[in-house]
Amino acid sequence: MGERIAVFGAGYAGLVTAAGFADLGHQVVVRDVVPEKVDALRAGRVPFHEPGLEEVIARVGDRLRFTLDYQEAVEGARFVFVCVGTPATYSGDADLSAVWTVLDELRDLADGAVVVMKSTVPVGTGDTVRAALDARGLTHIGYVSNPEFLAEGSAVKDFLEPDRIVIGSFQEADGDAVERLHDGLDAPSVRTDVPSAEMVKLAANAYLGTRISFINEIANVCELVGADVETVAWGMGLDSRIGTRYLQAGIGFGGSCFPKDISFLKLLAGNSGYHFQLLNSVIEVNELQKRRVVSKLQKHLGSLRGKTIALLGLAFKANTDDMREAPSIVLASRLLAEGADVRTWDPVADASSILRGVTFAETVLEAVRDADAAVVVTGWDELRDLPRAEIRDAMRVPLIVDGRNVVDPGAARSAGFTYEGIGRASTSPLAGLPETDEPAIAEHSPEA
Ligand SMILES: NC(=O)c1ccc[n+]([C@@H]2O[C@H](COP(=O)([O-])OP(=O)(O)OC[C@H]3O[C@@H](n4cnc5c(N)ncnc54)[C@H](O)[C@@H]3O)[C@@H](O)[C@H]2O)c1
């Protein structure tokens, strides 16, 4: 029969959690505040792009239900998972208003019910929530921190095959109960106190962001000294002390988690009297990395005024439609500021309400037609074969700036493209021409 679980928030984290627990045999009711979302979910449609999620929702049948009514969600629930958004405020601190709204709705919980915080929150939030619950006379309600580590694009697999399950509790019995909910998953549990569980989440994301900024700086040095960052990262990563993942050089990280979680940790440290020097650099390197693409384009095209630049991929990474903190947003606005015409394409992300002044193309071919450069912004698989004759012939200037190193430079060169990656030697079909002050490559002429 499973346990009765309420999940508040039908976003990437909440919906995957809900579907995952239903798949493990529990009875789950998801509550959200957006009527269109709930309508779509009731009709079996997932309102965002997450591979495999619709299939899980279909197979769990009526073990997973959706509602707008918080009372319906909490009625009879033994566990209430809080999965609402915790975006950064303008100051970079966590905006916990949605979390507090949910907590205000939890007055009718049964004895022994447990509130489980999945949303990413600053360390200390659990203590504050515990005190607030106690002050409201809800001392019989347990509280557990159970941070979520899923990555968008592989979220279903991450739920069903987690590396670990982190459970921080005030009462051991509450932690035991939450641990039992995961029966059927093959993963070690890390049982700890609430602040340590909260810190695991922030530290893990800050560390992953640090690796990305680190390899991006290595890439930038590689460009200056003639080394290839792809080989360097592989050679480093095969060291079992290091590992190969999250060592992919590119145009910087984005998304709804890394930027804000790193900011939360930096400010948490600052507010607690510690200056987290390293994280300042991680953030600064990441900001600068997004802008380096502009100088790569200028290196080849000179002034970008009046040039047409195709941005291929808009989502913050492949296999998601999430535009939150996507590097494409910074890049598009920098290019517009330089006077370029910006064309964009993405297979799933809808950025029409976010990006102003750009043109949206339906296909890669439409995006690159008569363009002076194609910039790979998101590492979509379908961009790996970008260097093909059809694309080259459509472009005014056959220039690829590969912000994700997904294109094979050799293939680009032999297909007649000038290629510029991140931390790799640039290749050009026109290499060897004497340097001039003019843009380094001529307009493409199919006859030439
Ligand atoms: N997206 C990820 O990859 C990921 C991974 C790990 C952790 N997290 C964390 O999980 C939390 C949620 O992130 P997300 O990406 O799923 O956010 P999201 O914005 O996709 O989803 C949040 C959902 O909560 C709903 N909501 C807002 N107020 C509500 C309320 N009072 N009651 C019920 N629902 C309400 C919103 O309508 C929205 O559907 C954040 O703290 C995030 O840091 C996210």
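Remember, it's 1-based here, ligands and their atoms both numbered in the order they're listed. If you're wondering where the values come from, they're calculated on a predicted model, not measured in any experiment.
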Heavy-atom distances under 4.0 Å decide this one: backbone, side chain, both or neither, for Ser119 against ligand 1?
both

Going by distance only, is there an N or O of Lys37 that falls short of 3.5 Å from an N or O of ligand 1?
yes

Using a strict 4.0 Å cut-off to heavy atoms of Val102, name the atoms of ligand 1 that fall inside it.
30 (C), 31 (N), 32 (N)

Hey, is Asp381 close enough to Arg384 for a salt bridge, meaning N to O under 4.0 Å?
yes

For residues Glu230 and Gln248, is any side-chain donor paired with an opposing acceptor at under 3.5 Å?
yes

Between Phe81 and Phe8, is the gap from one ring center to the other below 6.0 Å?
no

In terms of relative ring orientation, are His26 and Phe21 parallel, tilted or perpendicular, with 30° and 60° separating the classes?
perpendicular

Can you list the ligand 1 atoms lying under 4.0 Å from a non-hydrogen atom of Gly9?
23 (C), 24 (O), 25 (C), 33 (C), 34 (N)

Give me the residue, atom name and distance of the protein heavy atom closest to atom 10 (O) of ligand 1.
Ala13 CB, 3.4 Å

Please say which of Ile400, Val293, Leu335 ends up in a side-chain contact (heavy atoms from CB on, under 4.5 Å) with Val375.
Val293

Residues Trp380 and Asp346: side-chain donor-acceptor under 3.5 angstrom
yes

In terms of atom number and element, which parts of ligand 1 are under 4.0 angstrom from non-hydrogen atoms of Gly11?
16 (O), 18 (P), 20 (O), 21 (O), 23 (C), 39 (O)

Backbone N or O of Gly14 within a donor-acceptor pair of the Lys118 side chain at under 3.5 Å?
no

Indicate whether any N or O donor in one side chain lies under 3.5 Å from an N or O acceptor in the other, for Asp350 and Ser352.
yes

Contacting atoms of ligand 1, where contact means under 4.0 angstrom from a heavy atom of Glu148:
6 (C), 7 (C)

Among all protein heavy atoms in this structure, tell me which lies nearest to atom 2 (C) of ligand 1, with the distance rounded to 0.1 Å.
Glu152 OE2, 3.4 Å

Is there a nitrogen or oxygen of Lys118 sitting under 3.5 Å from a nitrogen or oxygen of ligand 1?
no

Nearest protein heavy-atom contact for atom 43 (O) of ligand 1: which residue, which atom, what distance?
Lys260 NZ, 2.6 Å

Do me a favour and list the nearest non-hydrogen protein atom to atom 29 (C) of ligand 1 with residue, atom name and distance?
Val84 CG1, 3.5 Å

protein heavy-atom neighbour closest to atom 22 (C) of ligand 1 works out as Gly85 N, 3.6 Å

With a cut-off of 4.0 Å, which atoms of ligand 1 are near a heavy atom of Thr86?
40 (C), 41 (O), 43 (O)

Distance filter under 4.0 Å to Lys201 heavy atoms, resulting ligand 1 atoms:
6 (C)

Residues Leu64 and Ala22: closest non-hydrogen pair is CB-CB, 4.1 Å

With respect to atom 36 (C) of ligand 1, which of Asp158, Asn205, Asp32 exhibits the smallest heavy-atom separation?
Asp32

Within-cut-off N or O pair, Cys257 and ligand 1, under 3.5 Å
no

Worked verdict on Ser196 versus Asp193 for side-chain hydrogen bond (donor to acceptor under 3.5 Å, both in side chains):
CA-CA 6 Å; Ser196 302; Asp193 54 76; 2.8 Å; yes

Do Val330 and Arg291 touch side chain to side chain, with heavy atoms closer than 4.5 Å?
yes

For atom 15 (O) of ligand 1, the protein heavy atom that lies nearest, with its residue and separation:
Arg324 NH2, 2.9 Å

Closer than 4.0 Å to some heavy atom of Thr101 - which atoms of ligand 1 meet that?
31 (N)

Which option wins on minimum heavy-atom distance to atom 7 (C) of ligand 1: Val16, Leu150, Thr120, Val7?
Thr120

Proximal ligand 1 atoms for Arg31, defined as those under 4.0 Å from one of its heavy atoms:
32 (N), 33 (C), 34 (N)

Flag this pair as yes if the NZ/CZ of Arg324 is under 6.0 angstrom from the six-membered ring centre of Phe316 and inside a 45 degree cone about the axis; otherwise no.
no

Are any of the N/O atoms on Tyr12, whether in the backbone or the side chain, positioned under 3.5 angstrom from an N/O atom of ligand 1?
yes

Between Val116 and Tyr143, does the side-chain contact (heavy atoms from CB on, under 4.5 Å) criterion hold? Intermediate values first, please.
CA-CA 6 Å; Val116 187; Tyr143 180 92; over 6 Å; no

Could you go step by step and tell me if Met199 and Thr192 meet the side-chain contact (heavy atoms from CB on, under 4.5 Å) rule?
CA-CA 11 Å; Met199 184 57 112; Thr192 182; over 6 Å; no

Heavy atoms only, cut-off 4.0 Å: how does Glu50 contact ligand 1, side chain, backbone, both, or neither?
neither

Minimum-distance protein heavy atom relative to atom 30 (C) of ligand 1
Val33 CG1, 3.6 Å

